[in-house]
Structures are given as C-alpha cells and as structure tokens.
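The next block holds one structure in the form of structure tokens; read it before the comments.
Counting convention: from 1, in listed order, for ligands and their atoms alike. Just so you know, these numbers use all the heavy atoms, side chains as well, and skip hydrogens, waters and symmetry mates. This one's a predicted model, so the numbers in the text were calculated from it and none came from an experiment.
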Amino acid sequence: MRSGSEFLDNGSVTKLIIDCDPGVDDAVALFLAFASRDLEILAVTTVGGNVGADLTARNARIIRQIAGREDVPVHAGATRPLVREPVEADHFHGESGLGDLPVFEPDAPLAAAHAVDVIVETVMAAAPGTVTLAVTGPMTNLALAIIREPALAHRLARVVVMGGARTEGGNITPSAEYNIYADPHAAHVVFSSRCPCVVLGLDATHQVRATAGRVAAIRAAGTPAAQAAAGVIDFSNGIERDLVGGRSAPMHDPCVIAYILAPHLFTTRPCGLQVETNSALTLGHTAVEFRLADPSAATVQWVTEVDADGVFGLITERLARS
Ligand code: BDR
Ligand code: CA
C-alpha cells in the first residue's frame, strides 16, 4: 500500500477532501485522484445519491482498495437529502452503483466519524484557504457542514463541483442535472453561502466523451486501476447507447479532479447562480447569470469549455502510474 506523503514531491500539493456518491464516473474520478502525486487526499466522504448511502460508502472503499490507497480514510455521510425524497440513478450506474465491476466487501472498514463532522473539523483546523473540496454527488454533506459551521464557507480554498446545466438542458428532467435535482435545497445552501465555487455542469462535461480510442488508451495503461476504470467506462458507454441513444458517455465527475490538477484545460466565466427549489416542473434547474454589475465580485466560476483530449490524456497518464 502506498503512503499519501511519498508522492508529495513537487512542492505544489493540493489538500483535498472528495465528497462523492460512487457511481461509475465518481469511481473514475476517485481512481484519478488516488493516482495523483500532487494531491494530498485528507478524506473521502460519501453521500447517498446514485445509489443508497450504504452502497456509496462501500463502493468508495472498493475503489480505494483497487487503487491501493487504504491510507486515505473513507467516512460515510448523509443518507438522504435535506428536504426532498431520495432519487437514485441506478438506471445509469447499475444496481451496485459500479456498473458490472465485480463488487466485494472491502478489507478496510469505514472510518468512524460522520462525513459532516470530518468536513467541518478538517477545514476549520487547517489554515484558511488551504483545503479544497471536490463534490461529485448531491451537495447534502457540504450544506449540512455549512449550516453547522457557517464560517466554513469562507475558510475553504474553493469548492469544485459537478452539477447543473445552462445550455445543455437536463439529464434527469428536461431542465435539471442529477446532482442538483437530487438535493436542490442543499445546492441552494451551498451557493447562497457565497463560498468560492467552480461549477462543472453538463455544458462542460458533455464535451468530455469516452470515445472508443480514449477508453482503449486507458485500458492499455494496464494497471488494476486503469483496467477497472476502463471497465466501468465501457458500462457507461453501453448505458449511453441503450438509454440515451448516444455512442460515448460523458465523463462528468473526473472533470472535477482534472480541473483541480490541470485548470489550464478548462475555460471559466464568472456568474451568479441560483437553484430552483419551488417549481415541480423545473426543480433543481440552475439559473446562471453572466450579466453581472461587478464580475470580480462573483463567487461562482462556470466552466464553459474543456480540452477533452487533455482530460483523457491526464486520466491515462495518471492511471498508468497507479
Ligand atoms: C452526475 O450525476 C451522477 O449520476 C453522476 O455520478 C454525476 O455526478 C451527472 O449528472
Ligand atoms: Ca456522482
């Protein structure tokens, strides 16, 4: 097993908490993060989302074990959204949440503390502006952490989140993206806290498609993590063909880790962002406003363009080393 610190070799290391709901694309995001020497992963926290909270917590530990990173603690968090009833996405992620990846009971257990406690205590104990939070699932854990400790919002370096849509429409309803729809009230709490956020919505992630050549390159990297990642991406491509009518699935959540590792691959634009929480028809819609009186005061950066070859190159290169 590798220690977290043996990779801290270039003087530029991002301290990171990853809050996720694995999920096939969360799994690829975790593999990318676990393989990256320039991240110090303080904790992985899990939330109910794509599948139930028991499964997302187990799945994160399965990915951790395949990646050989049992040095990173996994903490389970919220089991249901703040207000609405849970809505899962196992039609996209399979019954287990990990597609057809063989699942097993991992050797290493969950860490004892609740995810919300870990987020609050880790960020508040660190120097201001030194911990980044990657969110690849519904934002329930972060919202609860901000409600519990409002100072957290301005103590984080930033939150990099997969969620929302502007030009692309929705992927769970006509106007809502899944992560925001699954807990729109949590997203409202997070964005209205004015914590610094980079938001990768469907406008960005739909540019990052797992074409056959890109998946073949990941598989050819040959490591256990690369093989497992290629397998879950194959599963996603099958679902994309069967349910969506496309050929290559978007790799939503890996974009969050890729942004943290290589922000030059992404173009952002300052915006205002509000979440619809009242309308049954458009629940979870993200209203993105670019017409700002003072763009320099914006707390949200909306990702508009992605270098998809660059993102897949990064995934392939990192997983080859894992
Ligand atoms: C998001 O929804 C989930 O199903 C995926 O894991 C991703 O985080 C994409 O809309
Ligand atoms: Ca996810």
Exercise. Number the atoms of ligand 1 from 1 as they appear, then name those within less than 4.0 Å of a heavy atom of His93, with their elements.
Key: 3 (C), 4 (O), 5 (C), 6 (O)
Quiz item: Do any nitrogen or oxygen atoms of Asp21 lie less than 3.5 angstrom from nitrogen or oxygen atoms of ligand 1?
Solution: no
Practice problem: For Ser175 and His285, test the side chains for any donor-to-acceptor distance below 3.5 angstrom and give the result as yes or no. | Solution: no
Self-check item: Residue selection (non-hydrogen contact nearest atom 6 (O) of ligand 1) among Asp25, Val135, Asp90
Solution: Asp25
Practice problem: Measure the distance from atom 1 (C) of ligand 1 to every protein heavy atom, then report the residue, atom name and distance (to 0.1 Å) of the closest one. | Solution: Glu177 OE2, 3.3 Å
Quiz item: Can we say Glu240 and Arg209 salt-bridge, meaning some charged N sits less than 4.0 Å from an Asp/Glu carboxylate O?
Solution: yes
Exercise. Give the residue, atom name and distance (to 0.1 Å) of the protein heavy atom nearest atom 8 (O) of ligand 1.
Key: Asp253 OD1, 2.6 Å
Self-check item: Note: Arg80-Asp183 ion pair, threshold 4.0 Å (strictly below)
Solution: no
Quiz item: Do Thr211 and Phe312 touch side chain to side chain, with heavy atoms closer than 4.5 Å?
Solution: no
Practice problem: Please determine if the Ca ion (ligand 2) has an N/O/S atom from Thr136 lying under 3.0 Å away. | Solution: yes
Quiz prompt | Vertex the Ca ion (ligand 2), arms to Asp26 OD1 and Asp21 OD1, rounded to 10° | solution = 80°
Practice problem: Name whichever N, O or S atom of Asp253 ends up nearest to the Ca ion (ligand 2). | Solution: OD2
Quiz item: Which ligand 1 atoms, with their elements, are less than 4.0 angstrom from a heavy-atom of Tyr178?
Solution: 2 (O), 3 (C), 4 (O), 10 (O)
Quiz prompt | Region of Asp26 engaging ligand 1 - heavy atom pairs below 4.0 Å | solution = side chain
Self-check item: Polar side chain donor-acceptor pair, Ser322 to Thr223, under 3.5 angstrom
Solution: yes
Quiz item: Does the side chain of Asp21 come under 3.5 Å of the side chain of Thr56 through a donor N or O and an acceptor N or O?
Solution: no
Quiz item: Side chains of Val159 and Pro196: closer than 4.5 Å at any heavy-atom pair?
Solution: no
Self-check item: Shortest protein contact, atom 4 (O) of ligand 1 (heavy atom only)
Solution: Asn50 OD1, 2.6 Å
Quiz item: Would you call Glu70 and Arg61 a salt bridge, using N to O less than 4.0 angstrom?
Solution: no
Practice problem: Check each atom of ligand 1 against the heavy atoms of Asn171 and keep those under 4.0 Å away; list them by number with element. | Solution: 9 (C), 10 (O)
